[in-house]
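To keep things clear, I will list the structure first and then write my remarks on it.
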Amino acid sequence: MDEMYNYLILQLIGVSVCIVGVLFLIAKAGFWKWLRKKTKAQKKSTVVGFGLLFLGIIFILAGDQSYKIHFAMPPNLHSQAPDQNPPSLPVLSALDFLNKSKDMPRVNDISADPNKVPEPITRKYSKIVKISMTTKEVISEVAPGIYNNYWTYNGQTPGPMLRVREGDTVELSLTNDKTSLHEHNIDLHAVTGPGGGATVTKVKPGETKTFSWKAMQPGLYIYHCATSNVSVHNSHGQYGLIMVDPKEGLEKVDKEFYVVQGELYTQGGIGKKGLVLFDPKALLDGNPTYVTFNGKVEDAPRMKVKKGEKVRIYVGNGGVNLISSFHIIGEIFDTVYPEAAMGEGSALHKNVQTTAVLPGGASIVEFQVDVPGKYILVDHALARMNKGAWAILEVEGSPSPEIFKPGKSEFSPTKTNHSGM
Ligand SMILES: [Cu+2]
């Protein structure tokens, strides 16, 4: 008999035995009369009937076998709790977390400042760049009054934007804060080598590890924690961007910003106040409670530019489930580096409305701001705007009626740029 039918057969036997048991109780044990208290049940037959029911249930359970939840992952990435303890029951994990949460560091504002972009690299030679980062598990607000447990690089989500030059050797030290409950590491997509660095940076709480790597290819790359369960670490906020400037540099612009989309999975649904617990089922279903630009629901506009300025935004997607359809309402990207690709052979896209930013990927968009006002950065899968996927760009300056104005045009058709069209 083919093994694949074994479990089904066990369950069919179980159901059959249960049915026989029920029939036995009805027919032989005077069950209905007994229920209506009109007669005493026949003891022997009752025992046989319930015995058959019990046996049937055992067969059904024996046929209902599943692997552990992480079985489909690569074998070296099966989830393990600290100190190699097996993962505890979710309810025990929740109680454990609630108990430990009172000692967790608090962060006033978890959100990385989109203005904090390292200066473009102007030097014309390679060097050794030393970078130190600290993984830290903290509590901070997704929105006022909603407290979430973030796992971070340097206490912020996304982690700091890093910047090196093509050809540089990077010496990266990763410290896991002693208050952390979990191990962490770092996988930089700019790295060529096993795990992108994750295999040699796995740090226990209080531990520091260093590794060196050569930035061989230019581009904008995601970095993230790759400690198992990887998607759990990422969806707690452990990601950021590293820019590897091409040797020749990028064209100069007036203002650069840093924006990374990410997802939070919390129990109790969107808007639930207080300390919210992680929702592993929503993670596996790919249905985040919040989709954020820079870690939380924005409380005040932080990106400000002047009319006429040329803007570049380094956009990333920490994921872990959704592809971002990055768009700015009321603006057209003059230039897009699709998938943040650059260098010989890669083509720039011109005049783009919306660009895909893949989970674990990035894009670079450039545009000149011509008309003052408020512009909203969104993931144009717009239901996600309801979940927090937006940020405001403010453009200051005098009106530009030649491009945009309320009311009727003052120009004759022959004077427009699109004459005859
Ligand atoms: Cu981690």
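Model, not experiment: these values are computed from the prediction. As the structure lists them, so they are numbered: ligands from 1, and atoms in each ligand from 1.
Not a single N, O or S atom of N185, from either the backbone or the side chain, sits less than 2.8 Å from the Cu ion (ligand 1). Not one N/O/S atom of H182, from backbone or side chain, sits under 2.8 Å from the Cu ion (ligand 1).
The atom of H233 nearest to the Cu ion (ligand 1) is ND1, with the search restricted to N, O or S atoms. Within H184, the N, O or S atom lying nearest to the Cu ion (ligand 1) carries the name ND1.
Aromatic ring orientation, F326 versus F293: tilted (interplanar angle from 30° to 60°).
Annotation: Q368, atom CD; neighbour count of heavy atoms from other residues, nucleotides and ligands within 6.0 Å is above 12. Within a 6.0 Å sphere centred on CG of L55, heavy atoms belonging to other residues, nucleotides or ligands number more than 12.
Results of the side chain to side chain contact (heavy atoms under 4.5 Å, CB included) test with I270 over V142, I146, T289 single out T289 as the only residue that passes.
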